[in-house]
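Following: one structure in structure tokens, then a few remarks.
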Amino acid sequence: MWKQTYRVCLCFRRRFNLRMAEAPDEIKRLFLQYSENGIMTAHHLRRFMVEVQKEEGATREDAQAIVDSLRELRHLNVLLRKGLSFEAFLRYLFGDVNPPLSSNQGVHHDMDAPLSHYFIYTGHNSYLTGNQISSDSSDVPIIKALQRGVRVIELDMWPNSSKDDIDVLHGGTLTPPVQLIKCLRSIKEHAFVASEYPVIITFEDHITPDLRAKVAEMVTQIYGDMLFCPEVECLKEFPSPESLKKRIIVSTKPPKKYIEAQEIRVKEIEKQKRKAETDEEASGKESSQLEGGDSAAGDSSESDEEDNNHEELPEESEKAQRDVVPEYVRLIAIHAVKRKGGLKNYLRINPDKVTRLSLNEQKFEKAVARHGKDTIRFTQRNLLRVFPKATRIDSSNYNPMLGWRYGAQMVALNMQGHGKSLWLMHGMFRANGGCGYVKKPEFLMKSDPDNEVFDPKAKLPVKTTLKVNVYMGEGWYYDFPHTHFDAYSPPDFYARVGIAGVPVDTVMKRTRALEDNWTPVWNEEFEFPLTVPELALLRIEVNDYDFSEKPDFGGQTCLPVWELRRGIRSVPLYDHEGEKFRSVRLLMRFEFV
């Protein structure tokens, strides 16, 4: 009984605040336009949903369901028998039923393209609980990442102290280890809680051949049929996320001995091919000098060439192959490469196989500065992983937009950190139903007849303009201690709104600060011309203004512009770590012109 009373009281307090706050004139005008005698019926509400909210498919039944969902407010006289009062209408606008992104659209991108066609939700050193030097290694941050929808988990494998098992830790630091087997089991248990699309485990391998055999046994026993092991040694094209639903994929650099054996094998095949071509030329000259030669000699020559292609590899290659653990190599579905030479060579494309390349943020910045178009060409077929530089010992992050602008699929961030970079990451992967895979824009996958590709630095015309109206906000009174922002008075909130995207589109704007108000009504409009809306994220922050100190944080969110619902929407805000507040939200309007 007391819980029911508490809910009633809480509901009353919210209604009280909304009544006391001067609702924006436009909201009042719309209610008058779509109501009669102070009542908005289901018929009126449907018209509002179609004409203002641009929900062309809305039915009378949809509108009636919204009205029925607000019946709990009847005892406060905000719901009338035939429809909604103004207070109930405002509650609908602020409610979970009216989100900025479609909640019932689910996964709606084409999921049948190769993996290289998607941005993939990627973590860095996924096992660390804090900083990169001394924090604990644990499966807990792995579980949290998977529950959020992260699809790429990184594990650094090292021999344990007795050299008979495998630990996961950040090598060369003071981070205490966690057992590999514990991490693998936790991945299996939580891999598909948030999304059924494939989870990729990237191994950083610092172990011996004997321990690789043990890893192969562990992985095979734990994942069984969930494990994706290609039938071919090297993939010529990556499979699609759709074909890999509920599958676990291993990606790592094959052991050095395996690579050496492959290089020797390739050299031998090329040598044999050259020898066969020389023999064939000699045979052709000889046969042209013979009169009346029959076809038997030609058949014999072809037979000899075929035999030459199957000659035994030299002893050096055989020894290298014996040092390889075949069952471990067989696990590696996505081969990582580490190439020698300059950046141009790093981005070399092999038409016969696809690979994964990893670059730290500094090397990646150099690559796109000097070879931006080559980077985009590389990512059209291959996977590119970007990871934080080593000096980020506090687990801070770089701006992920740089990676996405150049088609990098695996933009890896420290998920245990917080701040703007992670907010952008969370925003990007709210797209496509939060499944962890976002289809790259078509312009990143295309090249013209001259092999020219998209240039993120090029000056482009404006494609569309996003108009954003920040009406008002509520919820801080319930989610924060009343002395959190100011010991003696209500907060002075202002909102910051802007775009993260290509450089020319990137901007932040702000409203005025409203003094002493838990339920601020800004009612300010902003316009954002967009040249590349397909890569734009809408950034929203609320802070408490303090002229003498750093502003107090009041919430944030990032939303993919290309999936915004037009109309007046309720926008939930999140804390520093990306956890959703229970009550804090803004009322905003989005239009494209």
Side-chain angles (χ1 to χ4, degrees), residues 107-122 151-152 197-198 200 234-244 249 251 333-335 337 343-344 346-359 364 367-368 371-386 400-412 424-425 428-429 431-433 435-461 463-464 500-505 530-537 560-563:
V107 177
H108 54 279
H109 295 185
D110 173 17
M111 301 301 284
D112 290 313
L115 288 175
S116 57
H117 290 223
Y118 301 84
F119 298 128
I120 310 174
Y121 208 169
T122 302
R151 298 291 85 191
V152 183
Y197 287 94
I200 302 171
C234 294
L235 294 169
K236 289 192 173 183
E237 184 178 68
F238 290 118
S240 70
E242 189 68 27
S243 69
L244 295 170
I249 304 169
S251 177
I334 300 176
H335 286 218
V337 295
L343 290 170
K344 183 82 172 176
Y346 284 14
L347 301 169
R348 188 180 74 249
I349 297 171
N350 187 334
D352 296 322
K353 68 176 182 178
V354 288
T355 58
R356 173 174 69 83
L357 175 67
S358 286
L359 299 175
F364 179 76
V368 299
H371 310 288
K373 291 185 178 181
D374 288 329
T375 303
I376 291 177
R377 291 186 190 99
F378 180 84
T379 60
Q380 290 178 342
R381 293 191 67 242
N382 301 278
L383 297 178
L384 179 55
R385 175 177 171 269
V386 185
M401 291 303 309
L402 180 64
W404 295 326
R405 289 201 294 263
Y406 286 88
Q409 298 88 351
M410 296 181 174
V411 177
L424 296 177
M425 177 74 92
M428 169 64 81
F429 291 101
N432 198 24
C435 74
Y437 286 82
V438 173
K439 189 81 158 53
K440 293 200 285 187
E442 282 302 311
F443 59 74
L444 285 174
M445 303 307 302
K446 288 182 177 178
S447 56
D448 64 22
D450 298 324
N451 202 28
E452 283 299 305
V453 295
F454 172 71
D455 182 2
K457 298 176 183 176
K459 188 174 182 180
L460 301 171
K463 274 190 181 180
T464 188
V502 297
V504 69
D505 292 346
L530 301 173
T531 62
V532 189
E534 301 90 340
L535 287 177
L537 297 173
V561 165
W562 63 94
E563 294 203 0

Return all side-chain donor-acceptor pairs below 3.5 angstrom for residues 400-408, not counting sequence neighbours, or 'none' if the list is empty.
unit_1: R405; atom_1: NH1; unit_2: G501; atom_2: O; d: 3.0

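You'll find the side chain of L357 reaches within 4.5 Å of the side chain of L347, heavy atoms only. For the pair R377 and E452, the minimum side-chain heavy-atom distance is below 4.5 Å. You'll find the side chain of F378 stays beyond 4.5 Å of the side chain of L383, heavy atoms only. Counting heavy atoms from C-beta outward, P461 and T531 have side chains that stay 4.5 Å or more apart.
The heavy-atom pair separating V453 from Q380 by the smallest distance is CG1-NE2, 3.8 Å.
Although no hydrogens or angles enter the test, the distance criterion places a donor-acceptor pair under 3.5 Å between the side chain of Y118 and the main chain of A113. For E563 (side chain) and N432 (main-chain N/O), a donor-acceptor pair under 3.5 Å exists by modelled atom type. The closest donor-acceptor contact from the side chain of K440 to the backbone of S116 lies under 3.5 Å. A donor-acceptor pair under 3.5 Å links the side-chain atoms of D505 to the main chain of V532, judged by distance alone. Remark: side-chain polar atoms of Y437 are not paired, donor with acceptor, to backbone N or O of R151 under 3.5 angstrom. Side chain of S251 to backbone of I334: a donor-acceptor contact under 3.5 angstrom is found. No donor-acceptor pair closer than 3.5 Å links the side chain of Q409 to the backbone N or O of F119.
For NZ of K373, the number of neighbouring non-hydrogen atoms (other residues, nucleotides, ligands) closer than 6.0 Å is greater than 12. In this structure, K344 places its NZ atom where only 12 or fewer heavy-atom neighbours from other residues, nucleotides or ligands lie under 6.0 Å away.
Under the 30°/60° scheme for interplanar angles, the aromatic rings of F454 and F443 are found to be tilted.
Residues forming a ring-ring contact (aromatic ring centres under 6.0 Å, His included) with Y346 (at least two apart in sequence, or on another chain): none.
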